[in-house]
Amino acid sequence: MKTEWYLDFVAPSYRPAREDLIVLFRVEPANGISMREAVGRVASESSIGTWTTLTTMTPEKRRLMAKAYEIKGRWVKVAYPLDLFEAGNMPQVLSSIAGNIFGMKAVRNLRLEDVRWPPELIKSFKGPQFGIDGIREIFKVNDRPLTATVPKPKVGMSSEEHAQAGYEAWVGGIDLLKDDENLSGQRFNQFERRAAQSLKLRDRAERETGERKSYLINVTAETREMLRRAKFVKERGGEYVMVDILTVGWAGVQSLREECEDLGLAIHAHRAFHAAFTRKPEHGMSMLAIAKIARLVGVDQLHIGTAIGKLEAPREEVLALQRAIMNRNVKSGRQILAQEWRAIKPVFPVISGGLHPGLIPDIIEMFGKNIIIQIGGGVWGHPDGGRAGAAAVRQAIDAAMEGVSLEEYAKERGELRAALEKWGRIRPK
Ligand code: CAP
Ligand code: MG
């Protein structure tokens with residue numbers, strides 16, 4: 001009597017259909033388990049199977065079986081029939097392709113590396129409301145990176161201090177004030193007070209500088225509260241909400257995306273928590289897969305790393321992330337599946353983490369100018385304060401865009417000179 005049917009999910013000669021969802025997995029079988037047995041278990045457990053044969057199976061149900069169809073070393077591609085998934089329901093898709101399988105005894109390690117999203121599923125998600133062109137339209141700035149800063153210390157300021165820091169940074173030259181990922185509505189910095197006061201000073205900074213300014217206010221909270229906070233931001237004249245996409249979860253992000261469609265608010269996505277499962281190449285889920293989900297669900301801006309800052313991110317990985325969220329069509333590559341994005345708009349890449357003016361030319365040289373550069377400590381650690389730190393950031397960008405060395409540019413610009421004297425070109429650890 002046959003007690004298991006895992007190998008029924010292995011179909012090396014299968015050629016995926018256009019409407020299949022395809023996942024690229026890295027699979028490390030447990031001792032005593034062959035690669036075929038391991039990939040059969042992955043395809044089975046993530047589609048319709050379980051540990052043993054079933055009396056309830058019918059030919060009709062078998063058409064929902066996933067198929068492991070390409071095994072190369074530790075890498076396998078699994079094709080999933082479209083009917084396995086509910087259109088527009090990201091949590092359900094991930095409960096399937098990124099659910100139980102990570103805990104199976106049959107695999108010592110398992111990593112979900114990339115997902116090729118089929119056209120039918122892509123159509124069921126909103127994608128970014130504004131995209132890069134829409135964001136640049138708000139600021140009327142097309143010839144340089146946009147800039148953002150987070151007041152530091154990241155939490156601890158009162159609403160008044162936070163708003164004042166925002167004013168200093170805006171008049172110093174920064175485009176976007178940003179809340180830190182763990183700032184929401186603490187007792188000493190209530191959300192409504194911070195929003196109201198910061199947006200009032202934003203208006204003043206716009207009048208004084210003649211430049212558009214905005215505020216990425218963090219609405220991260222229980223979902224209904226997030227929607228309430230988004231409405232509050234709209235009433236106060238804000239253009240954005242910021243959300244920690246992984247700690248609120250994809251259902252929360254989808255609800256916020258729906259609300260922001262009605263309110264006409266852009267979404268800035270922070271990815272705090274990602275390194276809990278993206279950092280190890282042998283187990284978990286790649287930031288590439290996360291970034292593509294974020295684009296599908298519909299954020300307008302997304303942190304993707306710096307390659308040279310304080311947080312771990314190999315240069316090639318960050319560049320691949322940038323292509324995945326910006327390009328209309330992504331070519332297949334090493335551990336990357338080809339992806340057509342059809343009508344889904346591009347997402348603005350945010351380069352952030354351990355940056356300061358001395359690193360700006362390297363960043364622009366690596367990622368180009370169609371990026372947002374976020375600098376926290378590199379502004380608020382400036383010897384002459386946040387306003388000077390903001391000015392130094394803009395001066396470093398102007399130098400890079402004019403092809404002039406920072407040192408040359410700093411001869412006539414004290415704020416940049418002071419930043420270079422403090423940090424030079426150091427790359428934080
Ligand atoms: C950067 C930051 C951002 C990180 C997040 C921080 O501050 O505000 O959260 O960039 O990482 O809290 O560290 P600094 P990533 O500019 O002072 O480093 O962008 O890789 O998601
Ligand atoms: Mg932060």
Side-chain angles (χ1 to χ4, degrees), residues 145-206 208-209 211-221 229 232-233 236-244 268-272 301 303 306 309-311 350-357 359-360 372-397 415 418-419 422-423 428:
L146 289 178
T147 58
T149 188
V150 182
K152 302 282 182 178
K154 52 176 38 179
V155 169
M157 289 186 183
S158 66
S159 310
E160 293 72 20
E161 286 174 315
H162 188 100
Q164 186 57 35
Y167 173 74
E168 293 300 314
W170 280 318
V171 294
I174 291 280
D175 304 297
L176 287 163
L177 174 66
K178 174 183 166 296
D179 281 353
D180 236 315
E181 66 279 356
N182 55 337
L183 180 64
S184 57
Q186 281 88 334
R187 180 183 44 74
F188 48 79
N189 193 336
Q190 289 288 332
F191 178 87
E192 288 80 357
R193 278 177 70 87
R194 182 169 78 253
Q197 290 180 352
S198 302
L199 288 168
K200 200 158 73 183
L201 287 184
R202 180 280 299 271
D203 295 346
R204 190 172 128 201
E206 283 191 333
E208 291 173 8
T209 61
E211 292 185 337
R212 288 302 311 270
K213 306 289 183 184
S214 196
Y215 178 20
L216 311 175
I217 184 162
N218 191 4
V219 297
T220 296
R229 291 183 181 186
F232 185 85
V233 168
R236 294 294 170 140
E239 294 79 20
Y240 281 96
V241 293
M242 165 181 161
V243 61
D244 300 340
H268 177 90
H270 197 289
R271 59 176 184 168
Q301 302 175 180
H303 287 245
T306 65
K310 70 184 182 187
L311 300 167
V350 179
I351 311 296
S352 169
L355 299 181
H356 56 82
L359 295 179
I360 283 178
I372 295 173
I373 298 175
Q374 191 297 121
I375 301 190
V379 165
W380 304 96
H382 190 286
D384 303 325
R387 184 182 301 211
V393 168
R394 279 292 289 275
Q395 288 161 6
I397 288 177
E415 298 89 348
K422 177 167 183 179
W423 295 302

Where the side chain of [X] meets the backbone of [Y], is there a donor-acceptor pair that is under 3.5 Å apart?
X: Lys178; Y: His268; answer: no
X: Arg194; Y: Ser184; answer: yes
X: Lys213; Y: Asp203; answer: no

In this structure, are over 12 heavy atoms from other groups packed under 6.0 Å from Arg212 atom CZ? yes
Sequence neighbours excluded, which residues qualify as salt bridge (Lys or Arg N to Asp or Glu O under 4.0 Å) partners of Lys310? none
Do the rings of His162 and Tyr215 sit parallel, tilted or perpendicular, given the 30° and 60° boundaries? tilted
Going from [atom1] on [X] to [atom2] on [Y], what distance comes out if it is rounded to the nearest 0.5 angstrom?
X: Ile397; Y: Ile373; atom1: CD1; atom2: CD1; answer: 4.5 Å
X: Gln164; Y: Leu201; atom1: CD; atom2: CG; answer: 6.0 Å
X: Thr147; Y: Ile174; atom1: OG1; atom2: CD1; answer: 4.0 Å
X: Asp179; Y: Ser198; atom1: CG; atom2: OG; answer: 7.5 Å
X: Thr306; Y: Ile375; atom1: OG1; atom2: CD1; answer: 10.5 Å

[X] versus [Y], closest heavy-atom pair with distance:
X: Pro357; Y: Ala396; answer: O-CB, 3.7 Å
X: Thr220; Y: Asn218; answer: OG1-OD1, 2.6 Å
X: Glu211; Y: Gly173; answer: OE1-O, 4.3 Å
X: Gly376; Y: Thr149; answer: CA-OG1, 4.0 Å
X: His382; Y: Ala419; answer: NE2-N, 3.7 Å
X: Leu216; Y: Leu176; answer: CD2-CD2, 3.8 Å

Decide yes or no on side-chain contact (heavy atoms from CB on, under 4.5 Å) for Glu415 and Asp384, but give the supporting numbers first. CA-CA 8 Å; Glu415 298 89 348; Asp384 303 325; 5.9 Å; no
Hey, are Asn189 and Ser159 close enough side-chain-wise for a donor-acceptor pair under 3.5 Å? yes
Would you say Trp170 and Thr209 are linked by a side-chain donor-acceptor pair, where the criterion is simply a distance under 3.5 Å? no
Between [X] and [Y], is any pair of side-chain heavy atoms under 4.5 Å apart?
X: Leu199; Y: Ile217; answer: no
X: Asn182; Y: Lys154; answer: yes
X: Val219; Y: Phe232; answer: no
X: Val393; Y: Pro145; answer: no
X: Val233; Y: Phe191; answer: yes

According to the salt bridge (charged side-chain N to carboxylate O under 4.0 Å, His left out) rule, which pairs have a member within residues 164-177, sequence neighbours left out? Arg144-Asp175, Glu168-Arg387
Working for side-chain contact (heavy atoms from CB on, under 4.5 Å), residues Asp180 and Lys152: CA-CA 8 Å; Asp180 236 315; Lys152 302 282 182 178; 2.7 Å; yes
Salt-bridged, Glu181 to Arg271, with N to O below 4.0 Å? no
Non-neighbouring partners of Ser352 that pass side-chain contact (heavy atoms from CB on, under 4.5 Å), sequence neighbours left out: His303, Val350, Gln374
Passing candidate, side chain to side chain donor-acceptor pair (under 3.5 Å) with Tyr167, options Lys200, Glu208, Arg202, Gln197: Glu208
Checking Phe188 against Glu161 for the side-chain contact (heavy atoms from CB on, under 4.5 Å) test, could you report, in this order, the C-alpha distance in whole Å, the side-chain angles of both residues, the deciding distance, and whether it holds? CA-CA 10 Å; Phe188 48 79; Glu161 286 174 315; over 6 Å; no
